[in-house]
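Just follow the structure's listing: the first ligand is 1, and inside any ligand the first atom is 1. Bear in mind that the values here come from a model prediction, so they are computed numbers and not experimental data.
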Amino acid sequence: MTDVDAEPAPGWQQQLAQAVRTIEELCERLGLDARKDISPATDQFPLLVPHSYLERIRRGDPDDPLLLQVLPRSEETSATSGFSTDPLEESALSTGNGLIQKYRGRVLVIASGACPLHCRYCFRRHYDYSANAASREGFRRTLAAIGSSSESAEVILSGGDPLSLSNDKLGRLLTALDRSANVQRLRIHTRFPVAIPDRVDAGLVALLQSVTKPLTLVLHINHANEINPALANAAARLKPNVAALLNQSVLLRRVNDSVTALGDLSEALFRAGILPYYLHQLDAVAGAAHFEVADGEARRLHERMAARLPGYLVPKLVREVPGREGKTLL
Ligand SMILES: *Cc1c(COP(=O)(O)O)cnc(C)c1O
Ligand code: SF4
C-alpha cells in the first residue's frame, strides 16, 4: 500500500493519510458502541475509511448502508464453503507484469495495489499485489507486454485503485498507452472519487483532457447515500473529459438489496450524469459471505427494477465466472 508518492501533498493525499484506521476511532466518531459482532479481524485487510466517506455515514446507526461496507465484522473470519481467497482464479491469469489477461480484446492492468478505502466485500482483498502490481519503474515491462499482445484493443486500468497513483505517474502511464499503436480504447475503473471526491483535482481533469483515445470511466458506487454534493461535483468535472461515465455496483445484503435502494441509486446516478452499467453478484471471496444475495432474489429485484425504471437506468445483472471471457448475464 505504498504506491502513493511522497510528493508535496495535495489535498487528496493528505486526506488519505488522515483516514480512520481503527475500529475504536470509527465507532467514536460515529457515536457507536464497539459491539461484539464488530471484529478487529483485520491483519491482512485493515480498516480504512477517509473522513470524506465517514461524513456520509449516519451517526449512531449501526445499520447504515455505508457503514456496513467498511466495518469489519466477526463474520469475516468464519469460513464458508464455496468462498475462497481467489474466487476468480486470477492468480493463474496474472502475467507477472501487472497484467491480467482474462477477457478477449481487453487487458487489465493492476496499476496500483493501494485503495482509498477498504470495502469489506472486495474480491481482491486477498490479492497479492506485491507479486502482481505493475512495477514502480515507469511501467516499462507492462507497456511492452501490452504492445506485444493481440488482446489489448482496450486497456483497463484496475487495482487496487488506479487513481491511487499520483497525477504524474498516472499521466506517464496514460500518455504511453495513448501512443501505443495497438491500443484503441482506454478505461479506468475506480472508487477513489467516491471515497475522496477531491481526488478529481485540476491536474487529473487536465490529464483526462489530454488523452486523445476514447477513455471510459467506470465508478463503483453502491448506494445513493454515497452521492453527496462533493461526489456530484466531481462527476460533473469528469464527465466533459471522458467518452462515457458509467457505474458498476455490487449487490450487497443489507446495503442495497431492495428495489427502493437500487431504484434510488439509479436515479441519483442519473442526476449526477452517470449511467448505471453493471449490477454485480458478489464474488465468492472468503470473508464476504455475509454480503451474499441469493441468485433467485437478485433476479427478482432486477425484474422489479426493470418494471419501474426506464431501460437506461437498469444496470445489467451479471456475475463473473472464472474461465469465461466476459461477464455472465443472470
Ligand atoms: C467486469 C470488469 C471489467 C470488464 O468489463 P466489461 O465491461 O465487461 O468489459 C473490468 N474491470 C472490472 C473491475 C470489472 O469488474
Ligand atoms: S476500492 Fe475497489 S479494489 Fe479497493 S477495496 Fe474497495 S472494492 Fe476493493
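When only interatomic distances are considered, the shortest N/O to N/O separation between Y278 and ligand 1 falls below 3.5 Å.
Panel note: side chain N247, backbone P276; no donor-acceptor pair is recorded below 3.5 Å. With R199 contributing its side chain and L163 its backbone, the two residues share a donor-acceptor pair below 3.5 Å. Proximity of a side-chain donor or acceptor of S149 to a complementary backbone N or O of A145 within less than 3.5 Å is not detected. A distance-only check finds no donor-acceptor pair linking the side chain of D198 to the backbone of W12 [under 3.5 Å].
A salt bridge links E151 with R104: the closest approach of a Lys/Arg side-chain nitrogen to an acidic carboxylate oxygen falls below 4.0 angstrom. At a threshold of 4.0 Å, the pair R300-E297 counts as salt-bridged, since one of the basic side-chain nitrogens sits closer than that to a carboxylate oxygen.
For ligand 1, the atoms sitting less than 4.0 Å from at least one non-hydrogen atom of R106 are 6 (P), 8 (O), 9 (O), numbered in the order shown with element in parentheses. Short contacts between ligand 2 and G160, defined as distances under 4.0 Å to a heavy atom of the residue, involve ligand atoms 3 (S). Below 4.0 Å from some heavy atom of Y277 lie the following atoms of ligand 1, by number and element: 6 (P), 7 (O).
Not one N/O/S atom of C115, from backbone or side chain, sits under 2.8 Å from atom 8 (Fe) of ligand 2.
For atom 4 (C) of ligand 1, the nearest non-hydrogen atom of the protein is Y103 CE1, 3.5 Å. For atom 14 (C) of ligand 1, the nearest protein heavy atom (residue, atom name, distance) is K327 NZ, 3.1 Å.
Here the options are L217, V218, L219, the test is side chain to side chain contact (heavy atoms under 4.5 Å, CB included), and the partner is I274; only L219 passes. Each of H189, H280, R191 was evaluated against H220; a single residue qualifies, H189, per the side chain to side chain donor-acceptor pair (under 3.5 Å) test.
The option with the heavy atom closest to atom 12 (C) of ligand 1, from among E154, R104, H189, K102, is H189. Across S112, A195, C119, heavy-atom proximity to atom 5 (S) of ligand 2 is greatest for C119.
With a heavy-atom cut-off of 4.0 Å, R187 touches ligand 1 through its side chain alone. Residue contacts with ligand 1, taken as heavy atom pairs separated by less than 4.0 Å, involve L108 solely via side-chain atoms from C-beta onward.
Within the structure, the closest approach of E320 to ligand 1 falls below 4.0 Å when heavy atoms are considered. Within the structure, the closest approach of V250 to ligand 2 does not fall below 4.0 Å when heavy atoms are considered.
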Audit row: F83, E292, side chain to side chain contact (heavy atoms under 4.5 Å, CB included) steps and yes/no: CA-CA 11 Å; F83 285 72; E292 191 181 32; 3.7 Å; yes
